[in-house]
2 protein chains.
Amino acid sequence: MIFNCKPKIVLTEKQKALIEKIGISFENEGSQPVPARILGLLYVSDKPELTFDEITEALQISKSATSNGINLLLQMQRIEYTTFSGDRRRYFRLKVSNWRDEFRTKIDTMAGFNVLLREVLEVRTKETPAYNASIKELVDFLDYVFQNLPLLLQKWDQEKKDRP
Amino acid sequence: MIFNCKPKIVLTEKQKALIEKIGISFENEGSQPVPARILGLLYVSDKPELTFDEITEALQISKSATSNGINLLLQMQRIEYTTFSGDRRRYFRLKVSNWRDEFRTKIDTMAGFNVLLREVLEVRTKETPAYNASIKELVDFLDYVFQNLPLLLQKWDQEKKDRP
DNA sequence: TTTTTAGTTCATAAAATTATGAACTTAGTG
DNA sequence: CACTAAGTTCATAATTTTATGAACTAAAAA
């Protein structure tokens, strides 16, 4: 008798529930369902590294859904993978260390909006000074925040170093 | 001869282009097309306050699209309106002053994710201490940020007061 | 060389989102 | 009261997004 020895990913109810919650949370931030759940799975899975098949099976989705989801997440730099010699499979894991870059990216996105607001100020009629001033105030505030957030990162690093 | 004296909203090419850009920017942040463009219109319009019909006409959309868009934006607190006695129409305008609240809301959203990450830490197997530690670090950093952002708001208010 | 494994691609199906127009409501106006 | 203007609702249409399964590819194993 031959055993099919693919060790299946077994998820507790708690884990499944949390995957859904995390999935919904990422969906709310604009992610699509499958990638969102893949991230959730990688967060709660006992094994931090999962193969293509394990993901497909654990989430009960099609191979193509897994393929698309994984490639999207790789491209977004939310996950990465390793391989082991003598094993053609890729082992996917969260790029947790990447939150620092994500944080910067988010700031950049907001900064991009600020650029648009500056354009608004240029295009706006001068007949509405009070209104224009209120937009200017927003622009200034966002500038202030974008200047200071990197400092916050630095300070965090410093405090980490002081007591690790 | 009778003139139809509804003063139409005339948009320059520059304004139209900017409305599109702002629209796309909001869409990228998850807004739907019509509300995104209504916001864009209110940003660039020479009149900071526009009626239902003016919005409908300026954006060339259906009344229902305007209705839905406006109600969504009202609910999201992105716009508000005034009325004038003897005029049943509502005059919609951006709630620019509201960016402060929006900022807080965004922080709260991120904080919500942090709550989920704490749940992850509870559910995770103890067999992967290094991985768990890396998630813990993320949780701690986010906590740090959420503690410090309100301070940033305060400091900005202070500096404003010092030299207005 | 044939087979298996790991994964991609593509046409299509299913589902969800958005927008529309017509009918309807509601409150003032003449 | 009849009329109009302001806006909503609803069924439907159009579009977009998301997921699927089957066919395909490429590399390694047998």
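So that the names make sense, note that chain A is the first sequence line, chain B the second, and so on, each numbered from 1.
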Problem set entry | For A/L151, the rest of its hydrophobic cluster, which grows through side-chain links under 4.5 angstrom | none

For this session: Taking B/S62 for its side chain and B/A65 for its backbone only, find out whether a donor-acceptor pair lies under 3.5 Å.
Result: yes

For this session: Answer yes when A/D157 and A/R100 have at least one side-chain N-carboxylate O distance shorter than 4.0 Å, and no when they do not.
Result: yes

Exercise. Between A/F92 and A/F52, does the ring centre distance come in under 6.0 Å?
Worked result: no

Quickly work out the [X] [atom1] to [N] [atom2] distance and round it to whole Å.
| X | N | atom1 | atom2 | answer |
| --- | --- | --- | --- | --- |
| A/F52 | C/dG7 | CZ | C1' | 5 Å |
| A/D87 | C/dA6 | CG | P | 7 Å |
| B/L50 | D/dA6 | CG | C1' | 16 Å |
| A/E54 | C/dT5 | CD | C1' | 15 Å |

Problem set entry | Axis bend over the full length of the helix from C/dT1-D/dA30 to C/dG30-D/dC1, computed from five pairs that close each end, to 10 degrees | 10°

Exercise. Does atom NZ of A/K95 have more than 12 heavy-atom neighbours from other groups under 6.0 Å away?
Worked result: yes

For this session: Applying side chain to side chain donor-acceptor pair (under 3.5 Å), name anything that partners A/N71, two or more places apart in sequence or on another chain.
Result: none

Short side-chain N/O contact to [N] OP1/OP2 from [X], under 4.0 Å:
| X | N | result |
| --- | --- | --- |
| A/R89 | C/dG7 | no |
| B/R90 | D/dT8 | yes |
| A/R88 | C/dG7 | no |

For this session: Describe, in one word, how the ring planes of A/Y144 and B/W156 are oriented to each other, choosing from parallel (under 30°), tilted (30 to 60°) and perpendicular (over 60°).
Result: tilted

Seminar exercise, completed: Contact check, residues 23-44 of chain B vs DNA chain D, heavy-atom distance under 4.0 Å, returns none

In a table with atom names and distances, give each donor-acceptor pair under 3.5 Å that connects a side chain of residues 27-34 of chain A to protein atoms at least two apart or in another chain.
| unit_1 | atom_1 | unit_2 | atom_2 | d |
| --- | --- | --- | --- | --- |
| A/E27 | OE2 | A/R37 | NH1 | 2.7 |
| A/E27 | OE2 | A/R37 | NH2 | 3.1 |
| A/N28 | ND2 | A/I24 | O | 3.4 |

Problem set entry | Same apolar cluster: A/L74 and A/Y91, side chain cutoff 4.5 Å | no

Problem set entry | No-hydrogen, no-angle side-chain donor-acceptor test under 3.5 Å, B/E80 and B/N98 | no

Problem set entry | Residue of the set A/L50, A/I19, A/L73 for which side chain to side chain contact (heavy atoms under 4.5 Å, CB included) holds with A/I38 | A/L73

Problem set entry | Neighbours of DNA chain C within residues 59-75 of chain A, by heavy-atom distance under 4.0 Å | A/K63, A/S64, A/S67, A/N71

